[in-house]
Amino acid sequence: MELIAKYGKEDLAILYIAKNQGKIVEFVESLQPPIPREKKWVLIISTMYGCPIGCMMCDAGEFYHGKISKDDMMKEIDLMIRSRFPDGKVPITKFKIQFARMGEPTLNEEVLDLLKELPSTYEAPGLMPCISTIAPKGSEEFLENLIKIKDKYYSKGNFQLQFSIHSTNEETRSKWMSPNIWTIEEIGKYGEKWFKEGDRKVTLNFAVAKDSEIDPDIILKYCDPSKYWIKLTPVNPTEKAIYNKLKSGITEENSESVSLVQEFKERGFEASISIGEWEENDIGTNCGQFATKYQNGEVKIKETYTTTNYAFTE
Ligand code: SF4
């Protein structure tokens, strides 16, 4: 894997672009200001070259050139870890590795092998893998095996699982993501099998658009508030979201006042708005944005990567 560029800000988020067997892969390291790196560091890796799903708000689905092998996913992680911790010892309280960049992780079975290897590869007591999935049909075996891996290697709350829900209207969910996904009812049943004493609650993520249909009573019908928590996020201004005219229902101005949070709380859920850093939108670190532009020849990398060179031109 050849690192060809990196772009971003040391104190917020850095996007890495690499080339592997002629294919482009992107991965990110980020901080959550004002929390210092010693307390929390988040790596976000790709599990596929592009994505075959093609969700309405995600630029990663603009192309698909196959799954990334276990060893190459490990290289994404290794590159970011060794640049700061050459000995592989990561003394960070909360060290998250999110399988949430380009690709649907549950369609890449080598993700499971990687999850088994991570704890013995690095000395990282704060390690917490996070899988974010739309729960496509065909992921049943993966998700069953994931329960066993979580229980064996990441018990006591050291694993985070997130489902993309986005709407409580199944037709809208089909349109936004794919018709071939689990229903909310199926996700609710899976959560019952997943959750053990001491685990982190399963996250139900809603990217809230202006006209989103989100009915907390439907979620309550299928999902037990003691096992799920609700995360509301803005619809990021990706090329795809703009093309599909998806406007965010959560903006910098109104993020404090979204009443949905209260509605979920009244039904016993823990719920919050997670806006990330608005500046990240300017940096362009939303999924697949740079890789897509690079594939399309819209972004040229000026010079070969050096440690100080954030070299993109548009
Ligand atoms: S949101 Fe996930 S599943 Fe959907 S296109 Fe993007 S990477 Fe693929």
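Atoms within each ligand, like the ligands themselves, are counted from 1 in listed order.
Residues Phe63 and Met177 do not share a hydrophobic cluster, defined by chaining ILVMFWY side chains whose heavy atoms lie under 4.5 Å apart.
For CD of Glu186, the number of neighbouring non-hydrogen atoms (other residues, nucleotides, ligands) closer than 6.0 Å is greater than 12.
Remark: ligand 1 atoms within the under-4.0 Å shell around heavy atoms of Cys58 are 1 (S), 5 (S), 6 (Fe), 7 (S). Atoms of ligand 1 found under 4.0 Å from any heavy atom of Gly103 (numbered from 1 in listed order, with element): 7 (S).
With sequence neighbours left out, the salt bridge (Lys or Arg N to Asp or Glu O under 4.0 Å) criterion links Asp217 to Arg267. For Lys196, the salt bridge (Lys or Arg N to Asp or Glu O under 4.0 Å) test picks out Asp151, with sequence neighbours left out.
Residue contacts with ligand 1, taken as heavy atom pairs separated by less than 4.0 Å, involve Cys55 via backbone and side-chain atoms alike.
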